Amino acid sequence: MTSSLPQDPYIDAIATGLADVGFDIADGWTSDAETRGTYCFLSAVLTLDADTSGLDEDDWPEGLLLIWEWHTGIEAADGEPERGPSWQWAKKNADGSNTPPEQLPVDGFANPVQVAAAVHELATTGNALKKRPGRWDGTAAVETAISAWEAEA
């Protein structure tokens, strides 16, 4: 990925952290054009699969999506997400769709080791239940970039 959006350095660090423990990314992208309601939010999707990422093909035949989102919180009173980042995961389906996303129990700016640990638990047990604390050491710079992006949006 090239670093052009505020979240790119963080998502690059997560992709590297996952690869360091054997979960190479099959596909990935970042965006600042997703919407729920009226306002755009930042997002990223990383795809893991059996061929590239070493997932068990019996458990994850189509792969696993890791979804990161940062929301403005502007429409939180209308049921949209609160301000800030979050991680979710979904199982890919054969028809190209995916299961409804579920929360990945890590901080929205979790350090790559914690995300990798949660993904390992999910990949091997089918659930990621253990809350893993710990923030990435580059969070402040990404939050500054997000603030600049938000001011321009």
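All of these numbers come straight from a predicted model, not from anything done at the bench. Position 1 is the first residue of the sequence, and the numbers go up from there.
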Where Ala116 and Gly17 come nearest, the two heavy atoms and their spacing: CB-O, 4.2 Å
Cluster check Ile67, Trp29: I/L/V/M/F/W/Y, side chain < 4.5 angstrom: yes
Donor-acceptor contact below 3.5 Å, side chain Asp56 vs main chain Asp58: yes
Steps toward side-chain contact (heavy atoms from CB on, under 4.5 Å) verdict (Leu122, Trp60): CA-CA 11 Å; Leu122 178 60; Trp60 304 93; 4.0 Å; yes
Verdict with supporting geometry, Thr52 and Ile25, side-chain contact (heavy atoms from CB on, under 4.5 Å): CA-CA 7 Å; Thr52 305; Ile25 304 302; over 6 Å; no
Point-to-point distance, once rounded to the nearest 0.5 Å, from NE2 of His71 to CG of Leu42: 9.5 Å
Distance in Å, Asp24 CG paired with Asp51 CG, rounded so as to fall on 0.5 Å steps: 12.0 Å
Heavy-atom side-chain contact between Val21 and His120 under 4.5 Å: no
Distance (rounded to the nearest 0.5 Å) between Leu104 CG and Arg132 CZ: 8.5 Å
NZ (Lys131) with more than 12 external heavy atoms under 6.0 Å: yes
Closest contact, heavy atoms only, Ala94 versus Glu62: N-CG, 3.4 Å
Heavy-atom pair of closest approach, residues Gln7 and Ser31: NE2-O, 3.0 Å
Full working for side-chain contact (heavy atoms from CB on, under 4.5 Å) between Leu66 and Leu18: CA-CA 11 Å; Leu66 299 176; Leu18 289 166; 3.7 Å; yes
Candidate pair Glu69 and Trp87, rule side-chain contact (heavy atoms from CB on, under 4.5 Å), full reasoning: CA-CA 7 Å; Glu69 295 179 349; Trp87 277 103; over 6 Å; no
Polar side chain donor-acceptor pair, Asp95 to Ser97, under 3.5 angstrom: yes
Contact summary for Ser86 and Gln103, nearest pair of heavy atoms: CB-NE2, 4.2 Å
Pairwise distance OG1(Thr30) to CG(Asp8) - rounded to 0.5 angstrom: 3.5 Å
Aromatic ring pairing Trp136/Tyr10, orientation class (parallel under 30°, perpendicular over 60°, tilted between): tilted
Separation between CZ of Phe109 and CH2 of Trp68, rounded to the nearest 0.5 Å: 5.0 Å
Any Arg83 side-chain heavy atom under 4.5 Å of Trp70 side chain: yes
Short side-chain to backbone donor-acceptor contact, Lys91 and Asp59, under 3.5 Å: yes
Gap separating the OG1 atom of Thr72 from the CD atom of Glu150, nearest 0.5 angstrom: 6.5 Å
Contact summary for Ala118 and Val106, nearest pair of heavy atoms: CB-CG1, 3.9 Å
Ala128 to Glu121 - nearest heavy-atom pair and separation: CA-OE1, 3.7 Å
From Val119, Leu65, Asp27, residue fulfilling side-chain contact (heavy atoms from CB on, under 4.5 Å) relative to Leu48: Val119
Side-chain donor or acceptor of Ser53 paired with backbone N/O of Leu55 under 3.5 Å: no
